[in-house]
**Q** 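Below you'll find the structure I mean.
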Amino acid sequence: MHQLSKLSPLENDKDLLMKIEGLCYRYPDGTPALEQVALQVRAGERIALVGHNGSGKTTLVKHLCGLLSAQQGTIEYKGKGLAAEHLASARLEIGLLFQDPDDQLFGHSLYEDVAFGPRNQGLSEAEVELAVRQAVTSVGLDELLFKPPHALSYGQKKRAALAGLLAMQPEMLILDEPTANLDPLQEQIFIDLLKQYQGTLILISHDLIFLYELCERALVLDGGRVHHDYSLRELVEHRPSLREHGLDFSFRFAESRQQTLTIKDERREVDRGGNPELTLPASSLIVTRDLHYRYPDGTAALQGVDLRIKTGEHVSLVGENGAGKSTLLLSLLGLLPFAGDYHFAGEKIVAGKGRLVWQRTGMVFQDCADQLVCPTCYDEVAFAPRQFGLKEAEVKELVESALNKVKLDGFSARVPLHLSGGERKRLALASVLSLQPQLLILDEPTAGLDPRGEELLLEILRDIDVTLLLVCHDIFFVRELTERTLVMHRGRIALDYSTKDFLADKNLTTLNGLDYTYRNRCALQIKELQHRHEHAHPHKHLHEHPHRHAGQLHSHPHEHEHEHPHSYTHSHDKSGAHQHPVREEYHEHGHPDHERDDHDHSH
């Protein structure tokens, strides 16, 4: 198969591709989103666009690709204003991957979705087919070419949306939170694809480990302004800057606070040939036996799930995208017509009639916008208690308690959709805590959160006394919050063991190809950078300078002072203060061509 020719590149890969000056933008309610943004992007650059939730990153990239027009200021692409006919042509050369892939998948099949862009570029049907097949092959979705996008797993949808952009061979590729909700294998696919991409790359992400693999330059937005513009290495080295902008993930380097209690100190596969009768120990909150579910197209999502969760347990559920985790959660909520036996708190649950489960279970979705429906934060948290007929005085008490638990005191009158991403996540958590549930289910709770938001959420969850079922690709949260881990694979719970043993299992990749440890390795590299950095300071050198005088060879020491950077590995004293080794005033330092320098020595 021959390769499609790429769009004509700029004559010089150092040429200015995009220039922004004085860009300002306000939302319809008057809230400022961008303030006097000045920015230059050169062809071939790989830029990390970072900042805390609400700093203006997504609004900025919507201007870069022409989805939003500048209210004030100028945006130039290849030397021309991003407007009229030039805007129309630029949109065919600039690709934006939304954070939620459902926002850009709309075709009847994967083929139609990926073909949409090339067709708008004016390619012939033969060229379109070639572009589609090359793009779909690059993201590893060949076998799903004619499957409806809505029937794909989340990770497959993300790759399908990327294929739709790659098929257009864009000169600039912009990705908004590309790793959100992805398993480690899908993350690696994205890393490999983006390393091969030859155009200009701009990545919005709170995942500095992912960005460190791909980007050289870091733009830090704060309050709608470009606050810093320097190398990504300089950013990750400097903890004060990370902390200032809500990006410091150093809390992940702390020693584990995982509970010492473990379920069983060995790896074991789930028994599938035992007694078919369903036993219900008094301590069990959830017990399922041989749970099955098929999607309308016949795809088996659950294939005989046997599960038991004790009251008060903290359990994590991990596995690749498409393993069946979200389907299992919806079945446990009684929202899907599953087949098999399911008991909650000793009572049998019938599919589609899970009122008992709904009243005693709270679930926070991956995208909390899917469950925020009220005009104020108070009404949002009060919604569930009101549905179960509680008196308003009791509702008020529950609302205030739930908002206090998630550190949203004083937010009662705020509009949920005007909150930052981290605040919305905590509001969604408060809305399910208001019923004081026996079981709390969290589906990818860290998705879209900046490190500051993650640290705050972790602090909150540690203080909530409830049976916890955590579905998460973030192994740090798995380690910190749960003592038991279930590994799901192809619709089954394949492994059930203590979280301690899960983290120590070096053979886990043989089950589903997932490497749950690579992020730890990358984090340790950044940790080392933070501890080893350069400082420049004035210092002195003593030199012996031999010379001949009246037939005699003389050598006189003389002093030389200048400044250059030195590398230090810092330490911390007992109070936690930052320390560097005591530097010597004099040290050895080579000086090329020193003999040619003029010297005046008294003798």
**Q** Is the shortest distance from a Lys or Arg side-chain nitrogen in E187 or K158 to a carboxylate oxygen in the other one below 4.0 Å?
**A** no
**Q** Regarding D142 and T137, do their side chains bring together a donor and an acceptor under 3.5 Å, going by distance alone?
**A** yes
**Q** Rounded to the nearest 0.5 Å, what separates atom CE in M18 from atom CG in L16?
**A** 9.5 Å
**Q** Strictly distance-based, threshold 3.5 Å: is any side-chain N or O of E21 a donor or acceptor partner for the main-chain N or O of G73?
**A** no
**Q** In this structure, are over 12 heavy atoms from other groups packed under 6.0 Å from F116 atom CZ?
**A** no
**Q** How many angstroms lie between atom OG of S55 and atom CG of D450, to the nearest 0.5 angstrom?
**A** 8.5 Å
**Q** Hey, does Y378 have a side-chain heavy atom less than 4.5 Å from the side chain of F411?
**A** no
**Q** For a quick check under 3.5 Å, do E35 and Y25 share a side-chain donor-acceptor pair by atom type?
**A** no
**Q** Would a distance-only check, ignoring hydrogens and angles, find a side-chain to backbone donor-acceptor pair under 3.5 Å from R243 to D248?
**A** no
**Q** Can a donor-acceptor pair be found, under 3.5 Å and without considering hydrogens, that links the side chain of D15 to the backbone of A43?
**A** no
**Q** For the residue pair A160 and L110, what are the closest heavy atoms and their distance?
**A** CB-CD1, 3.4 Å
**Q** Is H228 close to L235 at the side-chain level, that is, under 4.5 Å between some pair of heavy atoms?
**A** no
**Q** Within this structure, what is the CD-CG distance for the pair Q99 and L175, rounded to the nearest 0.5 Å?
**A** 11.5 Å
**Q** Given 3.5 Å as the limit, does a donor-acceptor pair link the side chain of E380 with the main chain of S431, or not?
**A** no
**Q** Check the side chains of D222 and H245 for a donor-acceptor pair under 3.5 angstrom, ignoring hydrogens and angles.
**A** yes
**Q** Just by distance, no angles: are the side chains of T58 and D176 close enough, under 3.5 Å, to form a donor-acceptor pair?
**A** yes
**Q** Spell out, as yes or no, whether a donor-acceptor pair under 3.5 Å connects the side chain of K325 to the backbone of E320.
**A** yes
**Q** Mind checking salt bridge (charged side-chain N to carboxylate O under 4.0 Å, His left out) for K157 and listing every partner two or more places apart, or none if nothing turns up?
**A** D102
**Q** Apply side chain to side chain contact (heavy atoms under 4.5 Å, CB included) to the pair F190 and L97, showing each step before the final yes or no.
**A** CA-CA 12 Å; F190 265 71; L97 181 71; 3.9 Å; yes
**Q** So, are R452 and E244 salt-bridged, with charged N and O less than 4.0 Å apart?
**A** no
**Q** If you take all heavy atoms of L427 and P416, which pair is closest and at what distance?
**A** CD2-CB, 3.7 Å
**Q** Please round to the nearest 0.5 Å and tell me the distance separating atom CG of L162 and atom CD1 of I189.
**A** 10.5 Å
**Q** Enter the distance from Y77:OH to L17:CG here, rounded to the nearest 0.5 Å.
**A** 5.0 Å
**Q** Using 0.5 Å steps for rounding, measure from the CD atom of E177 to the OG1 atom of T179.
**A** 6.5 Å
**Q** Show your reasoning for whether side chain to side chain contact (heavy atoms under 4.5 Å, CB included) applies to L221 and H227.
**A** CA-CA 5 Å; L221 260 63; H227 198 274; over 6 Å; no
**Q** Using side-chain heavy atoms (C-beta onward) and a distance below 4.5 Å, is L173 in contact with T200?
**A** no
**Q** Regarding D192 and Q188, is there a side-chain donor-to-acceptor distance under 3.5 Å anywhere?
**A** yes
**Q** Distance-only, no hydrogens or angles: does the R424 side chain make a donor-acceptor pair with backbone N or O of L419 under 3.5 Å?
**A** yes
**Q** In the structure I gave you, are the side-chain heavy atoms of E127 and S124 within less than 4.5 Å of one another anywhere?
**A** yes
**Q** Tell me the closest heavy-atom pair linking V114 and A163, and the distance in Å.
**A** CG1-O, 3.7 Å
**Q** So do the side chains of H206 and L449 get within less than 4.5 Å of each other, counting heavy atoms only?
**A** no
**Q** Please confirm whether the backbone N or O of S153 pairs with a side-chain atom of Q156, one donor and one acceptor, at under 3.5 Å?
**A** yes
**Q** Does any part of the side chain of E234, heavy atoms only, come nearer than 4.5 Å to the side chain of H238, both counted from C-beta?
**A** no
**Q** Does the distance from a Lys or Arg side-chain N to an Asp or Glu carboxylate O, for R233 and E237, drop under 4.0 Å?
**A** yes
**Q** Pair K195, I191 - check side chain to side chain contact (heavy atoms under 4.5 Å, CB included), show working.
**A** CA-CA 6 Å; K195 282 183 175 179; I191 289 174; 3.6 Å; yes
**Q** Distance-only, no hydrogens or angles: does the R426 side chain make a donor-acceptor pair with backbone N or O of K407 under 3.5 Å?
**A** yes
**Q** Ignoring hydrogens, what is the shortest heavy-atom contact between Q196 and Q198? Give both atom names and the distance.
**A** O-NE2, 2.9 Å
**Q** Are Q186 and R159 close enough that a side-chain donor and a side-chain acceptor fall under 3.5 Å?
**A** yes
**Q** May I ask you to check whether over 12 heavy atoms, not counting those of K147, lie within 6.0 Å of atom NZ?
**A** yes
**Q** Mind listing the closest non-hydrogen atom pair of L408 and E423 along with its distance?
**A** CD1-O, 3.8 Å
**Q** Whether the side chain of R26 engages the backbone of T31 through a donor-acceptor N/O pair (distance < 3.5 Å, no angle test) should be reported.
**A** no
**Q** Have a look at L219 and tell me which of V37, I47, L232 forms a side chain to side chain contact (heavy atoms under 4.5 Å, CB included) with it.
**A** I47
**Q** Go through it in stages, so that I can follow the logic: the residues are R217 and S231, the test is side chain to side chain contact (heavy atoms under 4.5 Å, CB included), and I'd like the CA-CA distance, side-chain angles, deciding distance and then a yes or no.
**A** CA-CA 4 Å; R217 179 182 173 192; S231 76; over 6 Å; no
**Q** Using every non-hydrogen atom in the two residues, find where L203 and C215 come nearest and quote the distance to one decimal.
**A** CD1-SG, 3.7 Å
**Q** Between M172 and E93, is there a side-chain heavy-atom distance shorter than 4.5 Å?
**A** no
**Q** With heavy-atom distances below 4.5 Å as the criterion, would you say the side chains of H63 and T59 are in contact?
**A** yes
